[in-house]
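These notes are about the structure you will find just below.
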There are 4 protein chains.
Amino acid sequence: MSKVSQNESVTRTPGRPRSQEARKAILESTLQLLQKTGFTDLSIEAIAARAGVGKATVYRWWPNKAELVMEAFVTAVEAELRIPTSGSAEKVIREQMKRWTRIFNSPLGKVIATVIGAGQSDPEMLRAFQRQYVEPRRTEARKLLREAMRTGEIRSNLDPDTILDILYGPLYMRLLLRHAELNSELPGLVFDIVMPGLRPVDP
Amino acid sequence: MSKVSQNESVTRTPGRPRSQEARKAILESTLQLLQKTGFTDLSIEAIAARAGVGKATVYRWWPNKAELVMEAFVTAVEAELRIPTSGSAEKVIREQMKRWTRIFNSPLGKVIATVIGAGQSDPEMLRAFQRQYVEPRRTEARKLLREAMRTGEIRSNLDPDTILDILYGPLYMRLLLRHAELNSELPGLVFDIVMPGLRPVDP
Amino acid sequence: MSKVSQNESVTRTPGRPRSQEARKAILESTLQLLQKTGFTDLSIEAIAARAGVGKATVYRWWPNKAELVMEAFVTAVEAELRIPTSGSAEKVIREQMKRWTRIFNSPLGKVIATVIGAGQSDPEMLRAFQRQYVEPRRTEARKLLREAMRTGEIRSNLDPDTILDILYGPLYMRLLLRHAELNSELPGLVFDIVMPGLRPVDP
Amino acid sequence: MSKVSQNESVTRTPGRPRSQEARKAILESTLQLLQKTGFTDLSIEAIAARAGVGKATVYRWWPNKAELVMEAFVTAVEAELRIPTSGSAEKVIREQMKRWTRIFNSPLGKVIATVIGAGQSDPEMLRAFQRQYVEPRRTEARKLLREAMRTGEIRSNLDPDTILDILYGPLYMRLLLRHAELNSELPGLVFDIVMPGLRPVDP
DNA sequence: CAATAATCGAGACGGTACGTCACGTCTTCTT
DNA sequence: AAGAAGACGTGACGTACCGTCTCGATTATTG
């Protein structure tokens with residue numbers, strides 16, 4: 001029995017290790033440039049230049065612009081991914097919708113819109129977006145709804161995903177189509193209209 | 001009195017008139033290439049080549065890729081823009097949602113998603129999309145809803161745009177995020193959940 | 001019978017014609033950079049930049065650096081390619097050797113050495129060098145020697161090319177190996193040593 | 001008395017000694033790649049990879065590609081550098097010229113041409129070539145010629161270097177310009193033409 | 001019916017960014 | 001210390017499109 005760290009032996013790869021400074025600088029300048037130029041006009045050349053990094057270093061670690069933007073985006077969003085509060089499903093969802101309305105109106109909202117937009121020409125990007133952003137939140141939200149169904153807070157014969165799409169759809173639609181303002185009152189209005197349809201029919 | 005074309009003061013400009021063959025060929029190849037490559041990878045160079053047209057001819061009539069795509073899109077969508085049926089608001093909207101679900105699943109759906117996607121990096125494009133596609137339909141739909149409010153079919157203290165966003169939001173969300181299937185049952189499910197919240201409270 | 005220029009009908013190709021300004025600027029900056037940096041360090045990027053020309057314009061007309069350098073070289077050398085004087089073979093060759101000694105010591109000499117040097121790693125370049133530079137001069141020189149053989153000025157059982165290699169070999173050797181000075185006296189020294197072996201044995 | 005290594009003051013540096021396997025592998029793969037790709041396309045990256053060696057190991061011992069190639073070249077040529085036979089100057093030189101004709105036609109000839117070619121863009125390389133290859137042989141050849149002048153075998157008022165350039169010039173010229181074949185008969189032809197000019201005038 | 005004028009195709013132009021390759025240097029662990 | 005492995009910033013490669021610009025040819029209206 002030795003003091004060798006068990007099977008967590010990290011087995012360092014040989015060679016010079018990846019520079020964390022470079023990685024961070026790249027992700028940061030990606031995010032900054034993304035906010036001012038949009039996805040299409042965003043060039044790897046400019047990202048590398050602003051990060052003080054060789055272009056090859058970018059290509060060494062990210063296969064294309066989409067993956068790089070996704071990682072930059074996820075890194076920025078990470079803190080926001082959790083559903084923080086607890087309480088009745090109704091209260092939690094209401095607050096969560098308000099929170100995302102604020103996020104959609106912040107610079108991050110522009111990035112989210114850009115990522116979804118880019119995903120329309122880049123299936124890989126859209127898949128990454130689903131996997132890293134949509135699905136984690138959906139999973140938590142579905143759990144919340146199922147629990148609410150069990151307790152009788154909402155009707156139990158509904159598909160959780162459909163409910164979520166009805167609640168969040170208006171927010172995304174206004175984020176992406178910009179046909180109407182995405183103001184702080186919208187979540188409340190939406191909720192008030194939708195809620196009656198969710199409650200059990202007979203008290 | 002001369003053979004001047006009557007009073008329909010067309011004031012033909014001198015010089016060779018615009019070639020309608022070229023115009024059609026350009027719009028058609030734009031649409032075709034758009035469906036197979038997405039907006040970003042769509043190049044004017046390729047459009048002109050496929051249309052058998054000089055590049056300058058494209059640039060003479062459309063200022064940029066976005067406008068060209070918009071015109072190609074609107075030309076293709078034109079027939080679908082009207083709300084055809086009449087009857088109770090409930091019935092009309094229900095059918096209209098089903099109809100758009102079908103369109104979203106057709107090749108045209110891909111084009112719509114592409115146009116919205118491109119709009120995220122190109123404000124001009126998004127504005128053209130709103131003006132030429134969203135607004136005409138909204139206007140008709142708003143009228144329909146206001147009439148239904150007047151007759152007491154739905155509650156009168158609601159914002160028509162919010163209602164429309166709740167109904168169509170899930171469709172657009174699935175079109176753009178592709179996180180779940182956009183099948184023919186969705187409109188019914190959405191409608192059944194939302195409708196109770198729209199009806200007048202006390203019978 | 002019309003005044004149509006016969007079959008010399010130039011049949012212009014369609015499209016914008018090649019820019020002669022660009023062509024000249026490229027050849028000139030090639031020559032200038034070649035003299036200061038050598039072949040290896042000569043970059044198409046730098047040539048294009050100095051010529052105020054797009055890189056693609058260079059690549060449109062020359063497949064690689066070697067061909068470009070060859071054309072620049074030949075353009076510069078063109079005026080020197082003729083054997084100008086006439087008289088006895090002995091006198092003509094003697095003067096020609098002196099002339100090339102001067103050329104080898106001029107900036108053009110550096111270019112010639114560079115071209116031959118580059119040819120060692122680039123067979124295509126060497127072939128172009130032979131075709132465009134060596135062979136034209138050889139042809140004239142061979143003719144001169146054959147005439148001198150006919151008149152009995154030099155022995156008739158010798159291979160003209162061998163004679164030329166003996167006479168010019170020392171010049172090229174010093175140009176390329178730089179092991180000894182290539183001064184103005186060398187041609188005379190070489191000529192005096194070689195000449196006895198060229199004259200008919202018995203008068 | 002200590003375990004100090006005796007008086008054979010080799011003063012070994014501390015640390016791991018240089019790997020002779022690595023050195024040989026590098027020189028060998030340099031030579032092999034040189035024969036198949038030419039100097040320009042020869043990359044340190046490829047040499048190191050083929051030798052199974054880290055790039056830094058190459059750079060630790062050779063400052064640049066030119067020096068590395070020179071050492072590889074000299075190592076290969078070393079055995080050929082001596083003038084082996086003795087006898088009359090005429091006979092020795094005649095045989096030496098034949099010998100180099102054979103060498104020039106062997107794979108080594110390609111390497112020599114490559115080295116001279118590379119030297120045209122790399123003064124350092126040319127200097128190394130002179131120092132390590134040209135000069136040693138010249139020194140011996142000059143001595144031979146001066147002895148022949150002393151014995152009256154050849155005229156004494158000639159510059160040995162000029163003579164050598166006349167004799168070897170044609171060989172180098174054909175090696176480098178490839179305008180004519182460098183066959184085994186050439187040395188004899190050259191020698192027969194040049195020799196009369198070397199012999200004393202009056203018998 | 002010629003002159004004028006705008007459009008057409010073709011394709012060259014000066015640019016910008018692409019994604020790749022090798023450079024020569026560096027940082028890690030191993031020998 | 002020297003080794004291999006391999007990441008680093010740098011810079012040129014050759015390519016693809018950008019949007020603009022000449023060309024000659026074509027097709028209309030105007031004098």
Side-chain angles (χ1 to χ4, degrees), chain A residues 11-19 21-23 41-49 51-61 63-65, chain B residues 4-5 11-19 21-23 41-49 51-61 63-65, chain C residues 11-19 21-23 41-49 51-61 63-65, chain D residues 12-19 21-22 41-49 51-61 63-65:
Chain A
T11 54
R12 288 277 260 95
T13 58
R16 179 176 177 173
R18 178 173 182 182
S19 159
E21 290 74 32
R23 181 176 174 275
D41 295 350
L42 178 68
S43 73
I44 301 280
E45 198 111 14
I47 292 171
V53 144
K55 236 192 326 175
T57 300
V58 180
Y59 284 109
R60 206 189 323 276
W61 300 108
N64 51 56
K65 196 166 62 168
Chain B
V4 163
S5 59
T11 54
R12 288 285 243 99
T13 55
R16 180 175 176 173
R18 178 174 182 182
S19 158
E21 290 74 31
R23 180 176 175 275
D41 294 351
L42 179 68
S43 72
I44 301 282
E45 199 107 13
I47 292 171
V53 145
K55 248 197 311 179
T57 302
V58 179
Y59 284 108
R60 204 190 322 275
W61 301 107
N64 51 56
K65 194 166 64 168
Chain C
T11 53
R12 289 277 260 92
T13 58
R16 180 175 177 174
R18 176 173 184 184
S19 159
E21 290 73 33
R23 181 176 173 275
D41 294 350
L42 178 69
S43 74
I44 301 279
E45 197 110 13
I47 291 170
V53 144
K55 236 190 332 173
T57 300
V58 180
Y59 284 109
R60 206 190 323 275
W61 300 108
N64 51 56
K65 195 167 63 168
Chain D
R12 287 285 245 97
T13 55
R16 179 175 174 175
R18 177 173 183 183
S19 158
E21 290 74 32
D41 295 350
L42 178 70
S43 72
I44 301 281
E45 199 106 15
I47 292 170
V53 145
K55 249 197 313 178
T57 302
V58 179
Y59 284 109
R60 204 191 321 276
W61 301 108
N64 52 55
K65 193 167 65 169

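Reminder, nothing fancy here: chain letters follow the sequence lines and each chain counts from 1.
A residue-by-residue look at A/G54 and B/A46 shows that A/G54 has its nearest nucleotide of DNA chain F further toward the 5' end. Taking the nucleotide of DNA chain E with the nearest heavy atom to each of A/K65 and C/S19, the more 5' of the two is matched to C/S19. With the nearest nucleotide of DNA chain E identified for both B/R23 and C/P14, B/R23 has the one nearer the 5' end.
C/A56 comes within 4.0 angstrom of a base, heavy atoms only.
Rounded to whole Å, the distance from CG on B/L42 to C1' on F/dA16 is 14 Å. The CG atom of B/D41 sits 11 Å away from the P atom of F/dC18 (whole-angstrom rounding). Rounded to an integer number of Å, the gap from CZ of C/R18 to C1' of F/dC21 is 17 Å. Atom pair C/I44:CD1 and F/dC13:P shows a separation of 6 Å (rounding to whole Å applied). Look at CD on C/E21: it is 14 Å from C1' on E/dG14, rounded to the nearest Å. We find that OH of D/Y59 is positioned 15 Å from P of F/dA4, with the value rounded to whole Å. At whole-Å resolution of the value, CD in A/E45 and C1' in E/dT20 are 13 Å apart.
The nearest pair of heavy atoms linking A/S19 to A/A22 is OG-N, 3.0 Å.
Taking only distance into account, the side chain of A/R16 meets the base of E/dC26 through a donor-acceptor pair shorter than 3.5 Å. For D/K55 against E/dG24, a side-chain N or O and a base N or O form a donor-acceptor pair under 3.5 Å.
By the 6.0 Å and 45° rule, A/R18 stacks over the aromatic ring of A/W61.
An OP1 or OP2 oxygen of E/dA12 is reached within less than 4.0 angstrom by no side-chain nitrogen or oxygen of C/T57. OP1 or OP2 of F/dA2 has not a single side-chain nitrogen or oxygen of D/R60 nearer than 4.0 Å. A sub-4.0 Å separation between OP1 or OP2 of E/dC13 and a side-chain N or O of C/W61 is present.
Once rounded to the nearest 0.5 Å, the distance linking CG of D/L42 with NZ of D/K65 reads 5.5 Å.
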For side chain to side chain contact (heavy atoms under 4.5 Å, CB included), just list the numbers for A/T57 and A/R60, CA-CA rounded to whole Å, side-chain angles, deciding distance to a tenth of an Å, and then say yes or no. CA-CA 5 Å; A/T57 300; A/R60 206 189 323 276; 3.7 Å; yes
